[in-house]
Amino acid sequence: MRVAHEDLLAYVDAFAKTVADRPPLHAVARNIEKNVGEVTSGMENIAITMAEQHFANTLSEHGWQATKDASLNQAQSGARNLTDNLIEAAKQVRGLIKENVPLIDKITKAWDNVLDATQHYTAVGMNRLAGIAKGLQSDRDRYDVGFVSGHLQTTQDAALAQRKLGIQVSLSSPHLGEYALADARKLGMIAESKSVHRGTVVNVIGQDAILKNAKGQLLALPVAPDFKFKRGDNVVMKEHGGTYAGKRQIVDRGMER
């Protein structure tokens, strides 16, 4: 857990330094650092409180329960705040991508590292909690530990969701398209190609036309070098000999196939 903790903090610090000249975003990044510290500290206290069976004998039952509750609340509160701050920072980063601010490639990649490290950190945390739960005899204690794990799952889900939202915005960026397309493929965001597609051009990246269809699916269709359509054009694309040719189309939102 400590290794994942330190790795995540290193990525957050690197990101914070790239946005030092943007006070609102920099402040959120520093809050994320605090949240990670709260989660890790709470997790460590949970391990001590739950795993050391003799601990209950050194305190009154009331004292032990209070210590356990404080540990659980610390981890849960930290995870909730971490989720909120990840969403807020991601929203601000997407705004910077749309504005195409200077050094946006550096900012975006630093932020993506934070989101990826968060997913790993929460996975490690959930595994740690699962190990703790196996050694518990009380159903209530196992429930409490599982509840904390649920908060970490929510944080992990949010990090992945924000990652995907960032990719969708980055795909239309003049500086981030290739990078975003590689990530979209890695995360399984590109739908399977068929012989005919209707949709809106998101961008043309290299020899691929990126489309979004009426279902919200992303497509990467190989096109010839003289492909004439640009972002925002509604097109119908047909496959011929390994590449797709398009013609302008008024899209009927119910007709994508």
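Residue indices begin at 1 and follow the sequence shown.
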Value for CD (Glu192) from NE2 (His197), rounded to nearest 0.5 Å, stands at 8.5 Å
Across all chains, not counting sequence neighbours, the side-chain contact (heavy atoms from CB on, under 4.5 Å) partners of Val223 are Ala209, Phe227, Met237, Tyr244
side-chain hydrogen bond (donor to acceptor under 3.5 Å, both in side chains) filter on Arg22, not counting sequence neighbours, yields none
| query | So do Pro222 and Gln207 actually touch side chain to side chain, heavy atoms under 4.5 Å? | reply | no
Separation between CG (Asn203) and NZ (Lys212), nearest 0.5 Å, reads 13.0 Å
(Q) Do Leu221 and Val202 land in one hydrophobic cluster if side-chain heavy atoms of ILVMFWY residues count as linked below 4.5 Å? (A) no
When you measure from the side chain of Thr40 to the backbone N and O of Val36, does any donor-acceptor pair fall under 3.5 Å? yes
Gly78 and Asn35 have their tightest heavy-atom pair at O-CB, 3.8 Å
| task | Indicate yes or no: does Lys228 engage Asp233 in a salt bridge with an N to O separation below 4.0 Å. | result | no
In short, ring pair (Phe, Tyr, Trp, His ring centres under 6.0 Å) pairs touching residues 121-153 with sequence neighbours left out are Phe147-His151
Check your understanding: Are the charged groups of Lys34 and Glu38 less than 4.0 angstrom apart, N to O?
Key -> no
Got Val235 and Val201 here, is their nearest side-chain heavy-atom distance under 4.5 Å? yes
- Item | Gln119 side chain to Thr122 backbone, donor-acceptor under 3.5 Å | no
Of all heavy-atom pairs linking Ala180 and Ile167, the shortest is O-CG2, 3.6 Å
(message) Please check this pair: side chain of Ser77 against backbone of Gln74, looking for a donor-acceptor N/O pair closer than 3.5 Å.
(response) no
For the residue pair Pro24 and Gln92, establish whether any side-chain heavy-atom pair is separated by less than 4.5 Å.
-> yes
Side chain to side chain contact (heavy atoms under 4.5 Å, CB included) with Leu218: of Leu181, Leu171, Leu211, Asn213, only one passes, and it is Leu171
Sorted by chain and number, sequence neighbours left out, side-chain hydrogen bond (donor to acceptor under 3.5 Å, both in side chains) with Asn113 holds for none
Interatomic distance, CZ@Arg80 vs OG1@Thr154, rounded to 0.5 Å, equals 10.5 Å
Residues passing the side-chain contact (heavy atoms from CB on, under 4.5 Å) test with Glu33, sequence neighbours excluded, are Leu9, Val12, Asp13, Arg30
- Message: I'd like to know if Ile87 and Val114 are part of one continuous hydrophobic network [Ile/Leu/Val/Met/Phe/Trp/Tyr, side-chain heavy atoms within less than 4.5 Å].
- Response: no
(request) Using the rule that two of Ile, Leu, Val, Met, Phe, Trp, Tyr join whenever any of their side-chain heavy atoms come within less than 4.5 Å, decide whether Val204 and Phe229 are in one cluster. (result) yes
Less than 4.0 angstrom from a charged side-chain N to a carboxylate O is my criterion; do Lys186 and Asp183 meet it?
yes
Looking only at heavy atoms, the pair that brings Ala220 and Ile210 closest together is CB-CD1, 3.8 Å
Between the CZ atom in Phe15 and the CG atom in Leu115, the distance rounded to the nearest 0.5 Å is 9.0 Å
dist Leu103:CG -> Leu96:CG (nearest 0.5 Å) comes out at 11.0 Å
The reported gap from OG1 in Thr118 to CG in Asp7 (rounded to nearest 0.5 angstrom) is 11.5 Å
Exactly one of Leu152, Asp157, Thr155 clears side chain to side chain contact (heavy atoms under 4.5 Å, CB included) with Thr83, and that residue is Thr155
- Task: Report yes if the side chains of Val169 and Leu165 come closer than 4.5 Å at any heavy-atom pair, otherwise no.
- Result: no
Note to self: Would a single hydrophobic cluster contain both Val101 and Ile97, if residues Ile, Leu, Val, Met, Phe, Trp and Tyr are joined by side-chain heavy-atom contacts under 4.5 Å?
What the structure shows: yes
Residue pairs meeting salt bridge (charged side-chain N to carboxylate O under 4.0 Å, His left out), one or both in residues 92-105, sequence neighbours left out, come to none
Is there a path from Ile104 to Ile205 through hydrophobic residues (I, L, V, M, F, W, Y) whose side chains come within less than 4.5 Å of each other? no
Partner of Trp111 under side chain to side chain contact (heavy atoms under 4.5 Å, CB included), picked from Val19, Leu25, Leu86, is Leu86
- Side-chain donor or acceptor of Ser149 paired with backbone N/O of Val145 under 3.5 Å: no
Of Thr49, Asp144, Asn73, Asn45, the one forming a side chain to side chain donor-acceptor pair (under 3.5 Å) with Lys68 is Asp144
Of all heavy-atom pairs linking Ala89 and Val28, the shortest is CB-CG1, 3.8 Å
Looking only at heavy atoms, the pair that brings Gly125 and Met1 closest together is CA-SD, 3.7 Å
Nearest heavy-atom contact between Ala75 and Val148 is CB-CG1, 3.8 Å
Margin query: More than 12 heavy atoms of other residues, nucleotides or ligands under 6.0 Å from CD of Glu178: yes or no?
Written below: no
Tell me if a side-chain donor or acceptor on Arg231 pairs with a main-chain N or O of Ser172 at a distance below 3.5 Å. yes
Measuring only between side-chain heavy atoms, which start at C-beta, is Gln156 closer than 4.5 Å to Met126? yes
